[in-house]
Amino acid sequence: MRLQREHPWPRTEAEALAVQEELRPLVRLVPLPRPPRLIAGLDVAYAGAHGAADDRVAAAVVVLDAATLEPVERATAVGTAGFPYVPGLFAFRELPVLVRALERLSSVPDVLLCDGQGLAHPRRFGLACHLGVLTGVPTLGVAKTPLLGEWTEPGPERGATADVHDRGETVARVLRTQTGVKPVTVSAGHLIDLDDATAVVLDAARRYRLPETTRLADRLCRDVAQGEGVGTPTGVSTPTGVSFPPGS
DNA sequence: GCGACAG
DNA sequence: ATCTTGTCGC
């Protein structure tokens with residue numbers, strides 16, 4: 001995949017905020033242009049996470065057939081976070097390595113399922129929005145815990161939802177993906193709307209709380225981060241050897 | 001001022 | 001995110 005837009009990665013909070021301010025107006029909330037045929041999950045794992053700028057990170061992208069949820073392609077990349085963990089600026093830690101993984105992808109997914117928030121962000125520009133603007137591909141955020149907002153408890157059944165409001169706006173939806181599990185928070189990223197984002201996540205979470213995309217991406221980047229990589233569920237091999245080789 | 005705070 | 005054993009339940 002090639003990027004539609006690029007920008008230097010900031011080193012300070014002030015620079016990061018400026019980047020968000022500049023790109024935020026580019027976000028477009030519209031229905032998905034067509035039913036997704038290929039959906040991709042993205043995630044990042046850390047080696048001994050400290051929340052510091054020099055944390056070693058590994059990113060993974062796994063592309064699935066939307067109908068069968070079978071993996072069709074995957075890509076990984078390793079590197080350094082380059083930015084400390086700051087709520088609201090979280091994207092600057094994970095986007096650099098995620099983008100490098102995406103650039104190693106030959107296919108172009110119809111939607112990118114990001115691990116984190118989209119519009120449900122203090123400046124309405126979470127990681128999913130940011131990645132959407134950089135790639136020009138529809139994105140959504142599916143987070144395990146909310147970052148902000150107010151909502152009511154959704155019903156107990158799979159598929160139950162409740163809108164998340166913040167400062168007078170509907171910024172996300174809590175979605176119960178399985179009966180009896182804690183809801184996930186879904187928000188639109190770019191080139192998608194909340195209804196479509198919710199539908200995509202629910203359809204991708206057929207068996208577990210989290211969509212299959214993020215589950216597979218999570219396992220893959222964790223394997224890479226620990227230098228494992230032998231024996232994935234589908235029998236595909238991943239890089240074997242030392243974790244984070246001296247060349248990156 | 002105090003507490004909360006995606007991963 | 002990551003550090004970590006057993007344990008309760010379908």
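Here is how names work: the chains are called A, B, and so on, in the same order as the sequence lines, proteins then strands, and each is numbered from 1.
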**Report entry** Six-ring centre of A:Y85, A:R93 cation under 6.0 angstrom, axis tolerance 45°
**Finding:** no
Query - Whole angstrom value for the distance that separates P of C:dT2 from CZ of A:R219 - result: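 Roughly 14 Å, once rounded to whole Å.
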Query - Rounded interatomic separation in angstrom, taking CZ from A:R222 and C1' from C:dT4 - result: 13 Å
Query raised in the report: Is the backbone of A:A128 close enough, under 3.5 Å, to the side chain of A:T139 for a donor and an acceptor to pair up by distance?
Result: yes
**Report entry** Side-chain donor/acceptor of A:R37 to backbone N/O of A:R34, under 3.5 Å
**Finding:** no
Query raised in the report: Do you see a donor-acceptor pair shorter than 3.5 Å between the side chains of A:T177 and A:R158?
Result: no
Query - Nucleic acid footprint by protein, nucleotides 2-7 of chain B - heavy-atom cut-off 4.0 Å, B for base, S for sugar-phosphate alone - result: ---BBB
Query raised in the report: Would A:F92 and A:H130 count as a ring-ring contact (aromatic ring centres under 6.0 Å, His included) if you check the C-alpha gap in whole Å, the side-chain angles of each, and the deciding distance to 0.1 Å?
Result: CA-CA 10 Å; A:F92 297 99; A:H130 201 149; 5.4 Å; yes
Query raised in the report: Would you write out the dot-bracket form of DNA chain B, 5' to 3', with Watson-Crick and G-U pairs under 3.5 Å, [ ] for crossing pairs, | for pairs to other strands and . for unpaired bases?
Result: .......
Requested in this report: Just do the side chain to side chain donor-acceptor pair (under 3.5 Å) check on A:E73 and A:S106 with the steps written out, would you?
Outcome: CA-CA 8 Å; A:E73 190 187 357; A:S106 61; 3.0 Å; yes
Query raised in the report: Are the charged groups of A:R100 and A:E103 less than 4.0 angstrom apart, N to O?
Result: no
Report summary line: Distance col, row A:L42:CG vs A:D218:CG, nearest 0.5 angstrom, shows 12.0 Å
